[in-house]
Amino acid sequence: MAFKVGDKHEAVVIENVVRTHIVKYAGASGDFNPLHHDDTAAKGLAGYPSVFAHGMLSMGLTGRMVTDWLGKGNLKKYGVRFTKQVWPGDTLTAKGEVTNVADAGNGKQLVTVKLVTVNQAGESVVEGEAVAEV
Amino acid sequence: MTQEATQSLITDEMRATIGQESEPWTLEVDKLSVRMFARSVGHTDPVYYDEAAAKAAGYRSLPCPPGYLGTPIFNPATSDSTFGGRRGAGPGPQPSRPLTRILNGGTEIEYFDDICAGDVLTATTHTASFEERTGSIGQMLITTSKTVYKNQNGKVVAIMTGTGIRY
């Protein structure tokens, strides 16, 4: 499949975040920071309204859209900034747009995509870029 | 000029740690951990779950999904009980004023080869820079770190640049 600048793809990567999603990620990553699973700690220690998702969970969810779209195993670079926290109840849509296509020199394309993942209010929670050899 | 009254968060002791390479630590990638991670972020592609599908797609075994770079081997004597990584691998010397909140500002991973179940990675990390900025949440300390991951053959397979925000 040949990609060209301007190609777009988007996918709902998680609907209605619940604590179960966050706990699953905590178990898989080994990151048991109480801010992500213990409401008492999130409110009491840090003054947050509730627990919130690990930034790396949003990165992993956004990465799923990337590999489903561009193919797996060919990522050269994947970088994100976390622009807003993700809270229980949020629904996230990951959006990608091809911004550059270069010749990888081996018959493949080196495809750069701009990434934005937004919540149900349209606010970006993740912004970043991925480069894949396709 | 109230700006002048604001004390820098970055101390000499902190500056002295820039570029200092940490002790190495070991991370394992195995089928169970790849499946757990893939499940936690909702992958449905069988290559992350079924070794036969992974091999048919050209991998040695289940490949790491984006964002997963192995699980640090947990040792109750030396590991951090909260984060699972090496104990004492935390933020290092404290800034001039205590900062209680920490956010993950961003992560970038550069990949140089496949990372699959069965791989054993060795990582070292160092602080690349400290910066301070004043934003909507007040005075912030921004720490950039670089972590290099080598596989069992000594090949650098990934470099992760992390940005931590404390305020």
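None of these values were measured; they are calculated from a predicted model. In what follows, chains carry the letters A, B, and so on, assigned in the order in which the sequence lines appear, proteins first and then strands, with residues in each chain numbered from 1.
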> Please classify the contact of B/Y48 with chain A as side chain, backbone, both or neither, using a heavy-atom distance under 4.5 Å.
side chain
> If you count the non-hydrogen atoms of other residues, nucleotides and ligands that lie under 6.0 Å from CZ in B/R133, is the total more than 12?
no
> Side chain from CB out, backbone as N, CA, C, O: work out which of these in B/T163 comes under 4.5 Å of a heavy atom of chain A, or both, or neither.
neither
> Step through the shown structure and confirm whether more than 12 heavy atoms of other residues, nucleotides or ligands are within 6.0 Å of NZ on B/K150.
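At most 12 heavy atoms, drawn from other residues, nucleotides or ligands, come within 6.0 Å of this atom.
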> Taking side chain as C-beta onward, heavy atoms only, is B/Y167 less than 4.5 Å from B/L103?
yes
> Specify which of A/G63, A/A130, A/G128 makes the most heavy-atom pairs with chain B at under 4.5 Å.
A/G63
> Non-hydrogen contacts under 4.5 angstrom with chain B: give the residues of residues 55-62 of chain A involved, or none if there are none.
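Listed by number, the contacting residues are A/M56, A/L57, A/M59, A/G60, A/L61.
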> Might you work through the salt bridge (Lys or Arg N to Asp or Glu O under 4.0 Å) test for B/D119 and B/R60, ending with a clear yes or no?
CA-CA 10 Å; B/D119 286 352; B/R60 288 171 276 122; 2.7 Å; yes
> Hey, is CD on A/Q120 packed in by over 12 heavy atoms from elsewhere, all under 6.0 Å?
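Counting neighbours around CD of A/Q120, more than 12 heavy atoms of other residues, nucleotides or ligands fall under 6.0 Å, so yes.
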> Anything in residues 81-92 of chain A with a heavy-atom distance to chain B below 4.5 Å? Please list those residues in order.
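The residues closer than 4.5 Å to chain B, in numerical order, are A/R81, A/F82, A/Q85.
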> Taking C-beta and beyond as the side chain, do B/T26 and B/L121 meet within less than 4.5 Å on heavy atoms?
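B/T26 vs B/L121: side chains apart.
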> Tell me, out of B/G67, B/G84, B/G105, who's got the most heavy-atom pairs with chain A below 4.5 Å.
B/G105
> Classify the ring geometry between A/H36 and A/F52 as parallel (under 30°), tilted (30 to 60°) or perpendicular (over 60°).
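It falls in the perpendicular class, over 60°.
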> Can you list every pair that meets side chain to side chain donor-acceptor pair (under 3.5 Å) and has a residue in residues 19-29 of chain A, with sequence neighbours left out?
A/R19-A/D39
> With chain A, which of B/T161, B/D45, B/T71 has the greatest number of heavy-atom pairs at distances under 4.5 Å?
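The candidate making the most pairs under 4.5 Å is B/D45.
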> Any idea which of A/K77, A/E127, A/E129 has the most non-hydrogen atom pairs under 4.5 angstrom with chain B?
A/K77
> Would a single hydrophobic cluster contain both B/F130 and B/L99, if residues Ile, Leu, Val, Met, Phe, Trp and Tyr are joined by side-chain heavy-atom contacts under 4.5 Å?
yes
> Could you state the interatomic distance from NE2 (A/H37) to OG1 (A/T40), rounded to the nearest 0.5 Å?
10.0 Å
> Between B/H126 and B/Q20, which heavy-atom pair has the shortest distance, and what is it?
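For B/H126 versus B/Q20, the nearest heavy atoms are CB-O, 3.2 Å.
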> Side chain from CB out, backbone as N, CA, C, O: work out which of these in B/F74 comes under 4.5 Å of a heavy atom of chain A, or both, or neither.
neither
> So for B/I165, is it side chain, backbone, both, or neither that comes closer than 4.5 Å to the heavy atoms of chain A?
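Answer is neither: B/I165 stays 4.5 Å or more from chain A.
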> With sequence neighbours left out, what residues match B/S145 under side-chain hydrogen bond (donor to acceptor under 3.5 Å, both in side chains)?
none
> Flag the pair A/V113 / A/T99 as yes when at least one side-chain heavy-atom distance between them is below 4.5 Å, and no otherwise.
no
> Would you mind checking which part of B/V34 comes under 4.5 Å of any heavy atom in chain A, side chain (CB onward), backbone (N, CA, C, O), both or neither?
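No part of it gets close to chain A.
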